[in-house]
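First the structure, in the form of structure tokens, and then the observations on it.
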Amino acid sequence: MKDNVNQILNVSKFILGFLGVSLCVWLVGAEYPESGAKLDVIDTFVKDSPPSFSALDYVNLLIGAAVIAVIGFFIYQLIIRPKQTGLSILGLLVSASVFMVLYFAGSTDTVASLQLDPDKVNLGPNTIAVTTAGIYTIGICLFIGLMAIVLGPLMGRYRK
């Protein structure tokens, strides 16, 4: 039974990957207007050639399937191992909370302070705030992880 599941998963990974790569090549091969093109040219392209956007629909479908799979995995794990899964979910909620606090705290960075050319880069304050909050959240999580790796063996010795 387990071998059949592994074979099915391997075949489905190959098919989904091949389909994704094919659709992305199709999207890249489409004669998409330049990013600096007028808005009416881009609107005409979107309205007249919807098949070129099937790769984007495919990516959205995969992201939705991944979200459903993750939620299903958490529900399954909650049934099998409730304590460990609860701690994992708690870690995700703490990380999300840290991100939200950092996001709402905002960032003092601007396009000028980041030394970006405003003619080439169009960034709003929300984009900068989300990016800054994400970078700080990852840094905090990495620091906590490294501290757990370094201090974990020491804490085990002192407990006994």
Side-chain angles (χ1 to χ4, degrees), residues 9-78 81 84-152:
L9 288 175
N10 286 335
V11 169
S12 64
K13 284 189 285 188
F14 176 77
I15 290 171
L16 289 174
F18 181 75
L19 183 61
V21 169
S22 301
L23 289 173
C24 287
V25 167
W26 188 18
L27 178 67
V28 170
E31 296 179 13
Y32 192 76
E34 294 293 324
S35 61
K38 293 183 180 178
L39 191 56
D40 59 338
V41 173
I42 295 173
D43 285 340
T44 304
F45 175 77
V46 170
K47 290 177 185 173
D48 292 343
S49 58
S52 65
F53 286 92
S54 60
L56 298 177
D57 294 336
Y58 175 75
V59 169
N60 289 335
L61 177 74
L62 281 183
I63 290 172
V67 167
I68 290 170
V70 166
I71 291 171
F73 174 75
F74 274 126
I75 291 171
Y76 174 74
Q77 288 297 318
L78 273 172
R81 300 179 192 165
Q84 291 89 351
T85 306
L87 288 173
S88 296
I89 293 172
L90 181 65
L92 291 173
L93 292 175
V94 168
S95 295
S97 299
V98 168
F99 175 82
M100 294 306 287
V101 166
L102 291 170
Y103 171 71
F104 287 121
S107 174
T108 58
D109 291 329
T110 62
V111 174
S113 69
L114 293 172
Q115 299 178 357
L116 300 172
D117 185 5
D119 295 331
K120 293 182 180 178
V121 178
N122 185 13
L123 288 177
N126 284 339
T127 305
I128 294 172
V130 166
T131 305
T132 304
I135 290 171
Y136 284 139
T137 303
I138 290 169
I140 290 169
C141 290
L142 286 174
F143 176 75
I144 292 171
L146 286 174
M147 293 306 291
I149 291 169
V150 170
L151 297 178

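In this structure, L102 CG and M100 CE are separated by 10.5 Å, a value rounded to the nearest 0.5 Å. The distance from atom CD1 of I128 to atom OG1 of T108, rounded to the nearest 0.5 Å, is 10.0 Å. Annotation: the span from L61 atom CG to L19 atom CG amounts to 9.0 Å, rounded to 0.5 Å. To the nearest 0.5 Å, atom CG of residue L78 and atom CD of residue Q84 are 10.5 Å apart.
Looking only at distances, no side-chain donor or acceptor of T132 sits under 3.5 Å from a matching main-chain atom of S107.
With sequence neighbours left out, the side-chain contact (heavy atoms from CB on, under 4.5 Å) criterion links S97 to no other residue. Listed by chain and number, the residues in a side-chain contact (heavy atoms from CB on, under 4.5 Å) with I75 are I71, I79 (sequence neighbours excluded).
No more than 12 heavy atoms of other residues, nucleotides or ligands lie within 6.0 Å of OH in Y136, so this atom counts as exposed by the packing criterion.
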For N10 and F14: C-alpha separation, side-chain torsions, deciding distance, then whether side-chain contact (heavy atoms from CB on, under 4.5 Å) applies. CA-CA 6 Å; N10 286 335; F14 176 77; over 6 Å; no
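Contact detail for G134 and F99: the closest heavy-atom pair is N-CE1, 3.5 Å.
Applying the side-chain contact (heavy atoms from CB on, under 4.5 Å) test between Y103 and each of N126, T131, T137 identifies N126 as the sole match.
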